[in-house]
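Accompanying notes for the structure given below.
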Amino acid sequence: MDDRPHSPMIDWDLAVRVGSRLAGDGPTVSRAEAAGVVDELRRGAEQSTPLVREFTGLVAEERTAPVLVVDRPGWIQANADGFATVIAPIVAKLQEKKGPPSPMTEAIGSRVTGAELGLMLGFLGNKVLGQFDPFHDAAGAAGRLLLVAPNIVHAERELSVDVHDFRLWVCLHEETHRVQFTAVPWMRDHLQSLMAEIVGSLETEPGRMLSEGLSRIGDLVSGKTDGSLIDLVSSPEQKKVIDQITGVMSLLEGHADVVMDGVGPEVIPTVAEIRAKFTQRRKGVGTLDRMLRRLLGLDQKMAQYRDGAIFVRKVVDVVGMDGFNAVFAEPANLPGKDEIHDPAAWVRRVHG
């Protein structure tokens, strides 16, 4: 049964079909090899839990966030479901102001938007190795961890790294995210409240949003301006909230990178080689790939990994891991975007 919120603005089924077709099936593997990869990733996630706990000092609740090993269409379906839930308040606000669309507008517009979303999901669907979805809430689950098996196999072949080391390395990063949200239960609600602030100040004139966005996309693609598509439709009020979200996401991504590299030498002999090769891979390859990464904000995502990891390491150097864990005590202790670039300022504010 499809439990996505209904939206006359987006044809979700078309988005999933387009995305799955674009992403493809992934590398060719035998049935036995596929079964072995799935089993190893599940065991890697389980093995990572105590390793993350010992390194970080964060104690997660009993496993309430399931681990799912998925293929590319499975990841695309999961993210379409997630997008539908996240944007439901935005759609409701637009409809409240504009009223329901005409049958013709709904039929044509929803398919156009669905196809566009499908193209984005298809591009991402053959690159994402894993993802923790904190907003998934079904059957009492506090989120879910997705490991995209064909993409992991593709990456390990492309990088020519030890496959067993690489799979555990990926699991360490994603399991850290699961621990972050299950050991710090207020984190999910905090992010949701920030998103609600963005929706509350949303510009509900689609024509104006479109015209202003189109006028600036050329500058964005050419590199004349920084940012991503989301920045094109962000008011000053929204940008302040986005800066808060950027600070949180930089912290979480950087923390996960520090954990995977910190734990790595104990259980992953080739961790240094993997990190060096993977860092190069994150930069993208061809011109089209780099342009799409820029439009979708993936360049900013890469900066979050880098800047967040630097923040975590510098704070830990000064106040230790226990002192760093003060970031998880309450929302007020989270670093803002500016503090991510100035760890000493965060230490002074929180530790005096």
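Since the model is a prediction, treat every value here as computed from it, not as a measurement.
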Going by the angle between their ring planes, with limits at 30° and 60°, are Trp346 and Phe324 parallel, tilted or perpendicular?
tilted

Measure the CG-CG distance between Leu145 and Leu147 for me, rounded to the nearest 0.5 Å.
4.5 Å

Between Ile310 and Phe55, is there shared hydrophobic-cluster membership here, with clusters defined by ILVMFWY side-chain heavy atoms closer than 4.5 Å?
no

Look only at the side chain of His351 and the backbone of Val319, and say whether a donor-acceptor pair between them is shorter than 3.5 Å.
no

Answer with yes or no whether the hydrophobic clustering places Val38 together with Ile152; edges join I, L, V, M, F, W, Y residues whose side-chain heavy atoms lie under 4.5 Å apart.
yes

hydrophobic_cluster_shared for Val16 and Val18, side chain cutoff 4.5 Å
no

How many angstroms lie between atom CG of Asp133 and atom CG of Leu146, to the nearest 0.5 angstrom?
6.5 Å

Does Ser250 use its side chain to pair, donor to acceptor, with the backbone of Gly247 at less than 3.5 Å?
no

For the residue pair Ala23 and Ile76, what are the closest heavy atoms and their distance?
CB-CD1, 3.9 Å

Considering non-hydrogen atoms only, spot the tightest contact between Ile268 and Leu172 and give its length.
CD1-CD1, 3.8 Å

How long is the span from the CG atom in Asp162 to the CH2 atom in Trp169, to the nearest 0.5 Å?
13.0 Å

Using side-chain heavy atoms (C-beta onward) and a distance below 4.5 Å, is His177 in contact with Glu253?
yes

Under 4.5 Å between side-chain heavy atoms, counting indirect links through other Ile/Leu/Val/Met/Phe/Trp/Tyr residues: same cluster for Leu51 and Met321 or not?
yes

Between His255 and Phe328, is the gap from one ring center to the other below 6.0 Å?
yes

Taking atom CD as the centre, does Glu330 end up with more than 12 heavy-atom neighbours from other residues, nucleotides or ligands that are less than 6.0 angstrom away?
yes

Identify the heavy atoms of Phe132 and Gly143 that sit nearest to each other, and give their distance.
CZ-CA, 4.0 Å

Heavy atoms only: give me the nearest Asn151-Lys127 pair and the separation to one decimal.
ND2-N, 3.5 Å

Under a 3.5 Å cutoff, is there a donor and acceptor pairing between the side chains of Thr270 and Asp165?
yes

Keeping the roles fixed (side chain from Asn333, backbone from Ala326), state whether a donor-acceptor pair exists under 3.5 Å.
yes

Lys337 side, atom NZ; Met249 side, atom CE - distance, nearest 0.5 Å
14.0 Å

State, to 0.1 Å, how close Val271 and Pro265 come at their nearest heavy-atom pair, and which atoms those are.
CG1-N, 3.9 Å

Would a hydrophobic clustering, with Ile, Leu, Val, Met, Phe, Trp and Tyr connected at side-chain separations under 4.5 Å, put Val163 with Leu41?
no

Asp307 side chain vs His341 backbone, donor-acceptor pair below 3.5 Å:
no

Is there side-chain contact between Gln244 and Leu334, with heavy atoms separated by less than 4.5 Å?
no

Under the criterion side-chain contact (heavy atoms from CB on, under 4.5 Å), I'd like the reasoning laid out for Asp261 against Arg313: C-alpha separation, chi angles, the key distance, then a yes or no.
CA-CA 11 Å; Asp261 289 344; Arg313 290 190 175 99; 3.7 Å; yes

Atom pair CG (Leu22) and CE (Met120), whose distance is rounded to the nearest 0.5 Å
12.0 Å

As a quick check of understanding, evaluate side-chain contact (heavy atoms from CB on, under 4.5 Å) for Val153 and Val29, giving each step before the final call.
CA-CA 9 Å; Val153 172; Val29 296; 4.2 Å; yes

State whether Arg306 and Asp257 are salt-bridged, where the test is any N-O pair (Lys NZ or Arg NE/NH1/NH2 against Asp/Glu carboxylate O) under 4.0 Å.
no

Closest non-hydrogen atoms of Trp75 and Val148, given as atom of the first, atom of the second and distance, are CD1-CG2, 3.7 Å

Other residues, nucleotides, ligands: >12 heavy atoms within 6.0 Å of Asp25 CG
no

Measure the NE2-CD1 distance between His190 and Ile245 for me, rounded to the nearest 0.5 Å.
8.5 Å

Arg43 and Glu40: CA distance, side-chain angles, deciding distance, salt bridge (Lys or Arg N to Asp or Glu O under 4.0 Å) verdict
CA-CA 5 Å; Arg43 286 187 286 107; Glu40 184 168 7; 5.1 Å; no

I'd like to know if the side chain of Lys277 and the backbone of Leu159 have a donor-acceptor N/O pair within less than 3.5 Å.
yes

With sequence neighbours left out, write down each residue that passes side chain to side chain donor-acceptor pair (under 3.5 Å) with Asn126, or none if nothing qualifies.
none

For a side-chain contact (heavy atoms from CB on, under 4.5 Å) check, start with the C-alpha distance between Val350 and Glu339, then their side-chain angles and the critical distance, and finish with the verdict.
CA-CA 11 Å; Val350 174; Glu339 287 179 325; over 6 Å; no

Has Gln180 got a side-chain atom pairing as donor or acceptor with Leu252's backbone, closer than 3.5 angstrom?
yes

Is there a side-chain contact between Pro134 and Met187 in this structure, where contact means two heavy atoms from C-beta onward sitting under 4.5 Å apart?
no

Candidate pair Arg275 and Met260, rule side-chain contact (heavy atoms from CB on, under 4.5 Å), full reasoning:
CA-CA 10 Å; Arg275 165 58 70 195; Met260 70 197 299; 3.6 Å; yes

Would you say Val170 and Glu156 make side-chain contact, with heavy atoms under 4.5 Å?
no

